[in-house]
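Small disclaimer: the values here were computed from a predicted structure and weren't measured. Side chains are part of it too, since the values below use all heavy atoms of this structure and drop only hydrogens, waters and symmetry mates.
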Amino acid sequence: MKKKLQIAKAEEYVKNLFCHDASGHDLQHLLRVRKMALLIAQQEGGNLFLIEMAALLHDVADWKFLGEEKGAKQLIQFLLSIDTDIEDCKAILNIVQSISFKGAKVNTRPETIEAMIVQDSDRLDAIGAIGIARAFAFGGAHGRMMYDFESKPQMHQSFEEYKSSNSNTFNHFHEKLLLLKNRMNTATAKSIAEERHLFMEEFLLRFFNECEV
């Protein structure tokens with residue numbers, strides 16, 4: 001009963017925190033990631049409480065918003081405020097801090113099955129039809145061009161390079177989104193990613209052709 005209440009409080013917390021987001025990191029994104037994470041966990045195992053909480057809360061400590069240090073502090077403060085066990089706090093923070101994409105040449109494979117599942121779920125929401133919509137929403141929210149075919153994609157060697165990049169959205173597909181299919185951790189996610197990846201490839205070809213008319 002205690003953990004069910006904590007999950008409900010986490011959902012209400014992120015609802016208030018991200019209710020005005022227009023960058024593709026809104027409440028619906030978090031709910032989709034949770035739903036996918038629990039679906040994958042049915043096949044792959046893992047601690048369901050940690051998976052569900054981390055899926056709901058993963059953007060609280062995302063470097064793109066509050067920054068890693070400030071976001072981590074805010075996340076821990078919230079978890080303690082709802083009487084989360086210390087070990088669970090540490091585990092949830094560890095999951096959240098280990099799932100972000102940090103550059104094409106940067107290894108970010110998590111160590112625990114829970115983190116693998118949440119990372120896969122977050123990445124599945126970054127590809128396919130919803131991933132396309134989110135990519136352009138994020139680009140628009142951050143003032144990025146849709147495309148510039150004179151500008152070539154950059155395969156970032158470090159997190160610092162990736163973090164400071166201001167690539168146009170078309171390039172972002174090549175710098176990150178098209179790489180995700182081969183970086184899924186679980187068999188379940190790999191299977192789901194295949195069709196979503198193919199859809200992105202088809203979209204990008206048509207996008208390029210229409211822009212070249």
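With respect to Arg134, the salt bridge (charged side-chain N to carboxylate O under 4.0 Å, His left out) criterion is satisfied by exactly one of Asp122, Asp21, Asp125, Asp26: Asp125.
Ring geometry for His25 against Phe138 counts as perpendicular: the plane angle is over 60°, on a 0 to 90° scale with 30° as the lower cut. Ring pair His174/Phe170 is tilted by interplanar angle, where 30° to 60° counts as tilted.
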Would you please test Asn171 and Gln154 for side chain to side chain donor-acceptor pair (under 3.5 Å) and show each step? CA-CA 8 Å; Asn171 279 359; Gln154 301 295 313; over 6 Å; no
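Contacts of His172 classified as side-chain hydrogen bond (donor to acceptor under 3.5 Å, both in side chains), with partners at least two apart in sequence or in another chain: none. A search for side-chain hydrogen bond (donor to acceptor under 3.5 Å, both in side chains) contacts involving Arg123 returns Thr108, not counting sequence neighbours.
Contact record, Val14 with Leu56: CG1-O, 3.3 Å, taken as the closest heavy-atom pair. When all heavy atoms are compared, the tightest approach of Cys89 to Ile76 is O-CD1, 4.0 Å. Of all the heavy atoms in Ala104 and Leu179, the pair that sits closest is CB-CD1, 3.6 Å.
The cationic atom of Lys102 (NZ for Lys, CZ for Arg) does not lie both less than 6.0 Å from the six-membered ring centre of Tyr162 and within 45° of the ring axis.
A single hydrophobic cluster is seen to contain both Leu177 and Phe149, as judged by linkage of ILVMFWY side chains at heavy-atom distances under 4.5 Å, directly or through other members. Side-chain heavy atoms closer than 4.5 Å link hydrophobic residues (I, L, V, M, F, W, Y) into clusters, and following such links, even through other members, never connects Val33 to Phe49. Cluster membership check: Val106 does not share its hydrophobic cluster with Ile99, using side-chain heavy-atom separations under 4.5 Å among Ile, Leu, Val, Met, Phe, Trp and Tyr.
For the pair Ile95 and Pro110, the minimum side-chain heavy-atom distance is 4.5 Å or more. You'll find the side chain of Ile127 reaches within 4.5 Å of the side chain of Met184, heavy atoms only.
Panel note: side chain Asn209, backbone Cys211; no donor-acceptor pair is recorded below 3.5 Å.
Residues Tyr147 and Phe208 keep their aromatic ring centres 6.0 Å or farther apart.
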Show me, pair by pair, the donor-acceptor contacts under 3.5 angstrom made by side chains of residues 77-85, not counting sequence neighbours?
residue, atom, partner, partner atom, Å
Ser81, OG, Phe78, O, 2.6
Thr84, OG1, Leu79, O, 2.7
Asp85, OD1, Lys2, NZ, 3.3

